[in-house]
Chemist: 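One structure coming up, written as structure tokens, with questions to follow.
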There are 2 protein chains.
Amino acid sequence: MKLDRLDARLLRLLTDHPQLPAAECARRLNVARATVASRLERLHAQGVVEGIVPKIRHEGFDYRVVAFCSVEIHQGLGHEAVAESLAASVPEILDMYTVTGGADLQLRVAAPGPSELQGVFDRISQVPGIMRTSSSIALRTHFQDRVLPLVEHAADDSAGRAPRVE
Amino acid sequence: MKLDRLDARLLRLLTDHPQLPAAECARRLNVARATVASRLERLHAQGVVEGIVPKIRHEGFDYRVVAFCSVEIHQGLGHEAVAESLAASVPEILDMYTVTGGADLQLRVAAPGPSELQGVFDRISQVPGIMRTSSSIALRTHFQDRVLPLVEHAADDSAGRAPRVE
DNA sequence: GGTGAAAGGTCATTAAG
DNA sequence: CTTAATGACCTTTCACC
């Protein structure tokens with residue numbers, strides 16, 4: 001789905017001011033209220049906006065350390081089975097990807113502190129089917145889930161065809 | 001801040017049904033309306049809930065491929081400067097961490113497809129101060145930003161102690 | 001627990017491509 | 001002729017008492 005400038009401005013506005021009323025959004029964007037609603041509905045229908053969800057920060061409840069873990073899986077048990085087993089037994093895993101390259105799975109995990117992190121890695125390693133793990137700790141999170149610049153990049157790309165507002 | 005079972009149930013409920021009215025939350029959790037409101041206020045104040053934000057899926061606007069990129073930085077220019085330069089010039093970067101281990105920066109990037117991904121890596125490599133990059137493509141995203149199991153894990157851990165605010 | 005104010009949802013109409 | 005934006009009406013929810 002192609003995004004236009006209005007979509008990008010709306011997403012930026014909603015991200016900066018999460019609970020901003022639709023009426024206020026409309027005022028700031030110089031469009032009617034129903035337009036904001038219909039745009040949001042369209043974005044939702046096309047899968048651009050997954051939903052309006054509460055953003056939970058693990059740092060808030062004292063899981064302050066983030067780390068990455070590359071996992072090599074023992075061939076024969078199947079990636080999917082091991083992945084499900086991992087997901088079920090280690091709640092500290094935040095993200096899980098199957099990746100190309102040396103490793104099979106790429107994980108992002110959280111822990112209260114560096115010492116507890118060791119326990120998490122241990123539990124990961126003990127999951128049946130896992131051969132080897134390699135980890136690194138995040139010393140600093142510059143940003144996370146930064147999508148707005150990409151949204152605006154995509155909107156600018158299709159600016160030529162974009163429906164001209166105003 | 002310590003979480004108790006009620007916090008966990010509330011967060012789970014709000015995640016499953018984002019825009020559920022406070023009165024309905026109270027009914028389903030068998031607590032008073034004001035309790036829901038005060039809990040939410042506390043969670044917000046303590047930084048557990050960042051806000052109710054629209055979850056934007058890059059797949060929705062045709063950035064379907066995700067990849068990881070480990071970046072080695074040329075010592076002397078400073079990590080921070082290079083990181084800022086990267087962030088400013090490559091909108092496709094979704095996450096950026098400074099990490100321990102062989103690499104200096106760990107990136108997660110998005111692109112419309114594998115071919116466009118090459119262009120993204122090229123632009124990353126051309127940023128001044130970057131020595132070497134090593135990348136891997138995500139073949140499958142099992143899950144992303146899965147915090148609820150961790151919330152419930154943390155709530156269970158402190159179940160024995162009395163729920164108290166720090 | 002009740003009441004006023006305000007937000008969201010729905011719809012027919014109108015302008016534009 | 002199709003699509004999108006608009007303004008108004010109506011229902012529900014929230015905040016305060």
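First the proteins, then the strands, lettered A, B, ... as listed; each starts at 1.
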Chemist: Could you check how far CG of A:Leu6 sits from P of D:dA5, rounded to whole Å?
Modeler: 7 Å
Chemist: Distance check needed: C:dT10 P versus A:Leu40 CG, whole Å only.
Modeler: 13 Å
Chemist: Please identify each residue that fulfils side-chain contact (heavy atoms from CB on, under 4.5 Å) with B:Ser38, with sequence neighbours left out.
Modeler: none
Chemist: Round to the nearest Å and state the distance from A:Asn30 atom CG to D:dT6 atom P.
Modeler: 10 Å
Chemist: Show me, range against range, the stems involving DNA chain C, built from at least 3 consecutive Watson-Crick or G-U pairs below 3.5 Å.
Modeler: C:1-17 with D:1-17
Chemist: Going by the rule side-chain hydrogen bond (donor to acceptor under 3.5 Å, both in side chains), which residues pair with A:Arg146 if we only count those two or more places apart in sequence or in a different chain?
Modeler: none
Chemist: Base contacts versus sugar-phosphate-only contacts with protein, heavy atoms under 4.0 Å: please encode nucleotides 7-17 of chain D as B, S and - from 5' to 3'.
Modeler: B-----SS---
Chemist: Distance check needed: C:dA7 C1' versus A:Leu14 CG, whole Å only.
Modeler: 15 Å
Chemist: Expressed in angstrom and rounded to an integer, what is the separation of A:Arg42 atom CZ from D:dT3 atom P?
Modeler: 13 Å
Chemist: Please name all residues satisfying side-chain contact (heavy atoms from CB on, under 4.5 Å) with A:Val66, sequence neighbours left out, ordered by chain then number.
Modeler: A:His58, A:Arg108, A:Ala138, B:Tyr97
Chemist: Give me each pair satisfying salt bridge (charged side-chain N to carboxylate O under 4.0 Å, His left out) with a member in residues 15-25 of chain B, each pair once, sequence neighbours excluded.
Modeler: B:Glu24-B:Arg27, B:Glu24-B:Arg28
Chemist: Could you tell me the separation between the CD atom of A:Glu24 and the C1' atom of C:dA6, rounded to a whole number of Å?
Modeler: 13 Å
Chemist: Quickly work out the A:Leu43 CG to D:dA4 P distance and round it to whole Å.
Modeler: 12 Å
Chemist: Residues two or more places apart in sequence or in another chain: which of them pass salt bridge (charged side-chain N to carboxylate O under 4.0 Å, His left out) with B:Arg33?
Modeler: none
Chemist: Decide if atom NE2 of B:His44 counts as having more than 12 heavy atoms of other residues, nucleotides or ligands within a radius under 6.0 Å.
Modeler: no
Chemist: Take the protein atom CZ of A:Arg39 and the nucleotide atom P of C:dG8, then report the distance between them rounded to whole Å.
Modeler: 18 Å
Chemist: Enumerate the residue pairs fulfilling salt bridge (charged side-chain N to carboxylate O under 4.0 Å, His left out) with a member in residues 113-131 of chain A, sequence neighbours excluded, ordered by first and then second residue.
Modeler: A:Glu92-A:Arg123
Chemist: Using a cut-off of 6.0 Å, state whether more than 12 heavy atoms not belonging to B:Glu80 lie near its atom CD.
Modeler: yes
Chemist: Among all residues two or more places apart in sequence or in another chain, which pass the side-chain hydrogen bond (donor to acceptor under 3.5 Å, both in side chains) test with B:His142?
Modeler: A:Thr98
